[in-house]
Amino acid sequence: MSETKYHIPLSSPDITEREIEAVVEVMKSGTLSLGPKLPEFEKAIADYAGIKHAVAVNSGTSGLHLCVRALGLKPGDEVITTSFSFIASANCVIFEGAKPVFIDIDPVDMNFNIDQIEGAITEKTKAIVAVHAFGMPVDMVRVMEVARKHNLAVIEDACEAIGAMIKDGNEWKMAGTFGDCALYAFYPNKQITTGEGGIIITDNDEIARLCVSMRNQGRDAGMGWLAHARLGYNYRLSDMSCALGTVQVSRLGEILPKRAEVAARYTKLFEEELPEVVLPCPDPENLKRSWFVYVIQLPKQYSGDQRNALITHLRGIGIGCNQYFSPIHLQPFYVREYGWKRGDLPVTEYMGDHSMSIPFFNKLSLEDQKIVVSEIKKWLKENPA
Ligand SMILES: *Cc1c(COP(=O)(O)O)cnc(C)c1O
């Protein structure tokens with residue numbers, strides 16, 4: 001037991017007796033992989049998203065990789081995406097030898113700046129990876145317009161955005177249902193979890209068929225266990241994870257509003273106690289966020305080093321927090337391989353220096369939220385910029 005003053009984690013999964021019973025039932029059944037829980041989970045997700053196919057895999061990263069392969073991206077191809085994301089949304093392109101090309105982000109919603117897509121298109125551009133960062137959806141109606149005009153494939157990285165909605169004309173649709181294919185992910189810090197896991201969603205029969213085959217060593221439907229039609233992987237998700245996921249999906253209607261409530265409490269507390277801190281933007285009228293993390297920005301006079309010092313201090317007293325995100329283009333191997341440098345993406349770098357995520361999960365109590373806000377307030381007072 002550590003001796004910190006508080007014990008407030010950054011995130012915490014919401015697991016009930018129902019999830020525990022569902023997993024135990026699988027373990028007692030003797031069928032731990034490729035059993036009945038896999039199609040059950042896939043159907044639950046497809047129904048939730050309102051889409052034809054869902055293909056469960058063992059992580060969001062492996063699902064992104066399969067999407068990149070299913071779309072046929074290859075060495076020499078360029079893919080436009082954001083640097084203000086989790087590393088996997090850019091790495092998946094590199095897995096196949098293609099090159100991620102970063103555009104800057106919008107300072108308000110922190111997603112890639114749609115106005116910059118066309119300027120980044122070259123004759124090598126083949127696809128766009130749109131990341132719905134922090135659960136705030138990208139306006140996919142506008143992205144798809146650009147993509148259709150230039151004949152580009154679109155992958156939606158909705159790993160942080162299950163349940164986020166985008167208005168298309170008069171209709172609200174799920175984030176992840178606009179591009180050729182999309183990913184939801186289920187690591188334990190996400191809105192819902194399968195322990196480890198992810199799921200590809202698509203309306204495209206061929207993409208779904210290829211992903212089903214590639215996640216299972218390149219086997220095709222009807223082929224024997226040792227017959228392999230194409231290069232494949234072991235990206236399968238176990239039946240324990242699928243059973244856990246099916247119960248979690250059924251609880252999204254309860255989980256997502258609770259997360260929104262916790263976010264609203266933070267917003268109120270910060271507005272009252274610390275108006276100089278910049279808060280997540282409110283939803284514009286055509287987008288509905290699914291709360292994944294609560295990310296604040298320190299006032300602009302603070303440096304990245306000071307933000308890091310605050311994170312170290314909060315962790316030291318038992319309050320979970322993190323830099324969120326650390327720009328991908330400044331990661332050592334991107335600098336080495338592609339020559340990216342500071343100054344290339346000013347808005348992304350500004351957010352990388354000023355933003356941080358603070359404890360956020362369904363069951364976070366108002367009491368703990370008050371502690372988080374007052375400890376940040378105290379530190380800022382004692383450490384002026
Ligand atoms: C979580 C996440 C992923 C996938 O992560 P895994 O750990 O591989 O499941 C991909 N992209 C983004 C933006 C994420 O937040």
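For ligands, and for the atoms within them, numbers begin at 1 and follow the listed sequence.
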Fill in: Option among Lys190, Glu19, Gln191 that satisfies the side-chain hydrogen bond (donor to acceptor under 3.5 Å, both in side chains) test with Gln248
Glu19

Item to complete: With salt bridge (Lys or Arg N to Asp or Glu O under 4.0 Å) as the test, would you mind laying out the steps for Glu25 and Lys37 before giving the verdict?
Response: CA-CA 11 Å; Glu25 187 196 309; Lys37 297 299 167 184; 3.8 Å; yes

Item to complete: With sequence neighbours excluded, tell me which residues meet salt bridge (Lys or Arg N to Asp or Glu O under 4.0 Å) with Arg69.
Response: Glu96

Worksheet, complete the sentence: The complete set of ring pair (Phe, Tyr, Trp, His ring centres under 6.0 Å) pairs with one or both residues in residues 168-200, sequence neighbours excluded, reads Phe41-Phe186

Worksheet item: Taking NZ, NE, NH1 and NH2 as the nitrogens, is one of them in Asp353 or Arg342 under 4.0 Å from a carboxylate oxygen of the other?
Response: yes

Expected rows: ligand 1 N/O, protein N/O, dist below 3.5 Å:
| unit_1 | atom_1 | unit_2 | atom_2 | d |
| --- | --- | --- | --- | --- |
| ligand 1 | 8 (O) | Gly60 | N | 3.4 |
| ligand 1 | 8 (O) | Thr61 | N | 2.9 |
| ligand 1 | 8 (O) | Thr61 | OG1 | 2.4 |
| ligand 1 | 9 (O) | Gly60 | N | 2.8 |
| ligand 1 | 11 (N) | Asp157 | OD1 | 3.4 |
| ligand 1 | 11 (N) | Asp157 | OD2 | 2.7 |
| ligand 1 | 15 (O) | Glu160 | OE2 | 2.5 |
| ligand 1 | 15 (O) | Lys190 | NZ | 2.7 |

Discussion item. Other members of the hydrophobic cluster containing Ile87, with the 4.5 Å side-chain heavy-atom rule, please.
Written reply: Phe84, Phe86, Ile94, Phe102, Ile105, Met110, Phe134, Phe292, Val293, Val295, Tyr324, Phe325, Ile328, Phe333, Tyr334, Tyr338, Trp340, Leu345, Val347, Tyr350, Met351

